[in-house]
Amino acid sequence: MYRSGDLARYLPDGNLEFLGRNDDQVKIRGFRIEPGEIAARLLEHELVGDAAVVAHADAAGDKRLVAYVVAKTTDGSAEADGAGLAASLRAHLGGLLPDYMVPSAFVRLDALPLTVNGKLDRKALPVPDDDAYARRAYEAPQGEIETLLAGIWAELLGVEQVGRHDNFFELGGHSLLAVQMMERLRRLSL
């Protein structure tokens with residue numbers, strides 16, 4: 001009847017079985033996102049030579065956008081260090097795209113892995129480590145409440161440590177996790 005981009009097949013009982021998409025679109029927390037659009041915006045940044053964006057499932061099964069970038073260096077310098085590049089790219093995308101399309105993590109690579117056919121090898125892309133997520137200079141939580149909150153954030157976000165200046169949403173948090181956090185705090189009567 002209409003083209004949705006969804007792939008499905010009829011089962012013998014007449015029901016449809018969803019098989020996936022015939023494009024790269026992903027659905028994250030109810031939003032349909034085209035990773036290629038985000039990668040195109042990344043390529044507009046002066047320090048990015050090549051980029052790819054994919055959705056990775058974290059330990060809890062939530063999908064998060066991860067950007068893989070190959071940085072340009074000028075005059076052989078390493079001016080595009082990991083943390084500085086990630087902050088610059090986050091600010092760049094934040095001005096061009098809605099918040100839900102800004103990747104949670106930025107992984108810097110020397111080159112994007114390719115298949116023998118010259119296409120992006122998504123299976124060879126590394127899983128982002130803790131350093132790939134948006135972090136500010138680490139400062140330990142102070143006091144009982146900050147320590148408790150940092151522990152809850154770390155557990156919900158699946159990261160090892162959370163500093164007192166880290167941003168919940170930049171670390172990959174979203175409204176559903178915020179509701180879970182509020183429920184945990186309510187149970188603790190905070």
Contact summary for His45 and Ser88, nearest pair of heavy atoms
NE2-OG, 2.8 Å
Is there a side-chain contact between Pro103 and Leu93 in this structure, where contact means two heavy atoms from C-beta onward sitting under 4.5 Å apart?
yes
Indicate yes or no for a side-chain donor-acceptor contact from Tyr100 to the backbone of Ile33 under 3.5 Å, with no hydrogens or angles considered.
no
With rounding to the nearest 0.5 angstrom, report the OG1 to NZ distance, Thr115 to Lys123.
10.5 Å
Taking all non-hydrogen atoms of both residues, which atom of Glu139 and which atom of Gln142 are closest, and how far apart?
OE2-NE2, 3.5 Å
Under the 3.5 angstrom rule, does the side chain of Arg184 hit a backbone N or O of Leu149 as a donor-acceptor pair?
no
For Ala52 against Leu120, the heavy-atom pair lying closest together
CB-CD2, 3.6 Å
So Arg64 and His56, do their side chains get closer than 4.5 Å, heavy atoms only?
no
Any donor-acceptor pair under 3.5 Å linking the side chain of Asp13 with the backbone of Asn15?
yes
Indicate, with yes or no, if Val179 and Leu185 share a hydrophobic cluster defined by side-chain heavy-atom contacts under 4.5 Å among Ile, Leu, Val, Met, Phe, Trp and Tyr.
no
Common cluster, Ile145/Leu156, ILVMFWY with side-chain heavy-atom separation under 4.5 Å
yes
Before you tell me yes or no, could you show the steps for Arg41 and Glu37 under salt bridge (charged side-chain N to carboxylate O under 4.0 Å, His left out), namely the whole-Å CA-CA distance, both residues' side-chain angles and the distance that decides it to 0.1 Å?
CA-CA 6 Å; Arg41 293 297 189 170; Glu37 180 181 351; 5.3 Å; no
Side chains of Phe168 and Leu177: does their closest heavy-atom pair fall under 4.5 Å?
yes
Minimum side-chain heavy-atom gap Ser104-Leu65 below 4.5 Å
no
If every non-hydrogen atom of Leu43 is compared with every non-hydrogen atom of Gly49, which pair is closest and at what distance?
CD2-O, 3.8 Å
Could you pull out the closest heavy-atom pair between Arg108 and Ala71, with the gap in Å?
NE-CB, 3.5 Å
Going only through I, L, V, M, F, W and Y residues with side-chain contacts under 4.5 Å, is there a path from Leu176 to Ile152?
no
Verify side chain to side chain contact (heavy atoms under 4.5 Å, CB included) between Leu16 and Tyr10, making sure each step is shown before the conclusion.
CA-CA 5 Å; Leu16 289 174; Tyr10 279 107; 3.5 Å; yes
Using a 3.5 Å distance criterion without hydrogens, assess whether the side chain of His165 forms a donor-acceptor pair with backbone atoms of Ala140.
no
Note: Leu89 and Val69 closest approach over all heavy atoms is CD1-CG1, 3.9 Å
Roughly how far apart are Leu114 CG and Asp50 CG, rounded to 0.5 Å?
8.0 Å
